[in-house]
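Here is the naming used below: chain letters follow the sequence lines, and residue numbers restart at 1 for every chain.
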There are 2 protein chains.
Amino acid sequence: MAQLPEQRLPVELFLDLDRSGPVPLYYQVAQRLEQAIRDETLPAGARLENEVALASRLGLSRPTIRRAIQDLVDQGLLVRRRGIGTQVVHGRVTRNVELTSLYEDLERAGQEPTTTVLDVASATADERVAEALGVPVGSPTLHIRRLRFADGVPLAILDNVLPAAYADLERDDLERHGLYQLLRARGVTMRVAKQRIGARAATAQEADLLDLRRGAAILTMSRTAFDNAGVAVEYGQHCYRPDRYAFEVTLVER
Amino acid sequence: MAQLPEQRLPVELFLDLDRSGPVPLYYQVAQRLEQAIRDETLPAGARLENEVALASRLGLSRPTIRRAIQDLVDQGLLVRRRGIGTQVVHGRVTRNVELTSLYEDLERAGQEPTTTVLDVASATADERVAEALGVPVGSPTLHIRRLRFADGVPLAILDNVLPAAYADLERDDLERHGLYQLLRARGVTMRVAKQRIGARAATAQEADLLDLRRGAAILTMSRTAFDNAGVAVEYGQHCYRPDRYAFEVTLVER
DNA sequence: AAGTGGTCTAGACCACTCA
DNA sequence: GAGTGGTCTAGACCACTTG
């Protein structure tokens, strides 16, 4: 595969770094590099200037530059080889799957998300829920069952269980906003999510809700999300219409 | 949620750090911390000793300790909060989904993977393949179609396309080893993979091969993998029996 | 031999949280 | 105010790749 020559990015790209604001320097650098990759100022295969030179040219220390580059490596945009250099990965640039909710994914994709709340009820944790949330069996919880539409077409059935601390979530709020939005508005920060993605045949009820034939294939995802204290915030079991939704994942070897 | 007291890990855990060998110090530290979490020496919710104290106690610099901790944060095992400290995440500890192949996943799970090669043939890249591999339309490629069994039960149909550089892959090798094993044996290092996971109904042929009813739900995954030069090595389209396979993914907010 | 990224050090100052 | 993680610096030495 053709090895493109080293690319010296114009310093101008980095002239507006803000050293006094709250945004870290490595983040500002990473943003500008990412932009250069996305608009193909740095095309696939291009070799980056070496770290030491780049650092000195931008007036930053090498660790700061390294941190910026590492972030892009972790996103699958760059590849580093010792003794060789840093290059832009070939292949289409995909958005990173961050810890977002379906609602936000749809908004970003320009599809209009709407929600019908099928059920909101207090309940106690059975064994499965207790295991997932890390609470004792029988603990009070809130069960939510929603139907999510994209541009008016039914897309997913969302079953969620939350610890009782969030029992004051209102039906109205859930119709108008995504669950993660509502949680964030109460100061909860989701930090880690463990997901399991599978498939199965739709039940009669699911097929009915999603406007599918009974027994049609559906995509399933179960997830437990944890906040920045490491405590489970939410356990969800979702199923999606596979003709309208898929998961994108980028894996990077560290 | 209960906040467990600070946990001072015994220095003994870290006494056998090897400063002369090729294994980085941060990696050795991360391994020992991970082990302590997995065997619940550090139980869920436990607070770690602060970075500065830990560094001085182990005779390492703070950046080295930070790097070790960061690795575990990226794996979803630890959570950090400024002004508060570092804690072990609640919830079951899951193995990290690394950039592995199905063959290796099965081996690690103790299921015996076997493979039937359905077809191996040279071909030229159509538009879809060209796009995925980043090669011109019409480029020579190698198509491979395999049926993968776990403990003798059909599990997945694996369709793969590779650049012509790997056209010498033998049917025999493919029956006996995983594709990624064979690639690694030729010095290829996979670094980045972009996957798309979905579902659909099985075709008659797929149902036949996987021992399912026609129209049964199957789990699908398409993937492009890139080597450490950022060049596409493999494009795969796989489908799985959903009653015997699912994808596990851990997401971490950076 | 020259050039690259990988690791490690020893500090410094800051922002945030809690009592 | 004391303690925590977050950022940043300016070096150093090493391992690896290429010519």
Can you tell me how far [atom2] of [N] sits from [atom1] of [X], to the nearest Å?
X       : N      : atom1 : atom2 : answer
I65(B)  : dG6(D) : CD1   : C1'   : 16 Å
D71(A)  : dT7(D) : CG    : P     : 10 Å
L54(B)  : dT4(D) : CG    : P     : 12 Å
I69(A)  : dT4(C) : CD1   : P     : 12 Å
L78(A)  : dG6(C) : CG    : C1'   : 16 Å
Q70(B)  : dT7(D) : CD    : C1'   : 13 Å
N228(A) : dT4(D) : CG    : P     : 18 Å
Y27(B)  : dC8(C) : OH    : P     : 13 Å

Pairing donors with acceptors under 3.5 angstrom, does anything connect the side chains of [X] and [Y]?
X       : Y       : result
T189(A) : D227(A) : no
Q87(B)  : R81(B)  : yes
Y166(A) : R186(A) : no

Practice task
Starting from the C-alpha separation in whole Å, work towards a yes-or-no answer on side-chain contact (heavy atoms from CB on, under 4.5 Å) for F247(A) and R196(B).
Solution key: CA-CA 5 Å; F247(A) 292 92; R196(B) 188 177 170 88; over 6 Å; no
Handout entry: Salt-bridge contact R191(B)-E253(A) (side-chain N to carboxylate O under 4.0 Å)
Key =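 Not counted as a salt bridge, because no side-chain N and carboxylate O are separated by less than 4.0 Å.
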Practice task
Answer yes when R38(B) and E34(B) have at least one side-chain N-carboxylate O distance shorter than 4.0 Å, and no when they do not.
Solution key: yes
Practice task
Could you walk me through whether D74(B) and Q70(B) pass side-chain hydrogen bond (donor to acceptor under 3.5 Å, both in side chains), step by step?
Solution key: CA-CA 6 Å; D74(B) 290 341; Q70(B) 186 60 50; 3.0 Å; yes
Completion exercise
Assert: residue with more 5' nearest nucleotide on DNA chain C, out of V52(A) and R19(B), is V52(A)
Handout entry: Residue whose closest nucleotide on DNA chain C lies nearer the 5' end, L60(B) versus G85(A)
Key = G85(A)
Hey, does the side chain of [X] come within less than 4.0 Å of [N]'s phosphate (OP1/OP2), counting only N and O?
X       : N      : result
T64(B)  : dT9(C) : yes
T86(B)  : dG5(D) : yes
N50(A)  : dG3(C) : no
R254(B) : dG6(D) : no
R80(B)  : dT4(D) : no
Y26(B)  : dT7(C) : yes

Exercise for the section: Would you mind telling me which of R66(B), R82(B), R57(B) makes a salt bridge (Lys or Arg N to Asp or Glu O under 4.0 Å) with E51(B)? Expected result: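 Only one option passes, and that is R66(B).
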Exercise for the section: Apply salt bridge (Lys or Arg N to Asp or Glu O under 4.0 Å) to the pair R146(A) and E175(A), showing each step before the final yes or no. Expected result: CA-CA 9 Å; R146(A) 294 168 296 166; E175(A) 299 260 358; over 6 Å; no
Exercise for the section: Could you run through nucleotides 11-19 of chain D and give me one letter per nucleotide, 5' to 3': B if any protein heavy atom sits under 4.0 Å from the base, S if only the sugar-phosphate is that close, - if neither? Expected result: -B--BBSS-
Problem - Terminal axes of the helix from dA1(C)-dT18(D) to dC18(C)-dG1(D) (five pairs each): angle between them, nearest 10 degrees - result: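 The end axes of the helix from dA1(C)-dT18(D) to dC18(C)-dG1(D) are about 10° apart, to the nearest 10°.
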Problem - Among L142(A), V120(A), N160(A), side-chain contact (heavy atoms from CB on, under 4.5 Å) partner for L169(A) - result: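 So the option named by the test is L142(A).
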Practice task
Pick base, sugar-phosphate or nothing for R66(A), based on heavy-atom distances below 4.0 Å to the nucleic acid.
Solution key: base
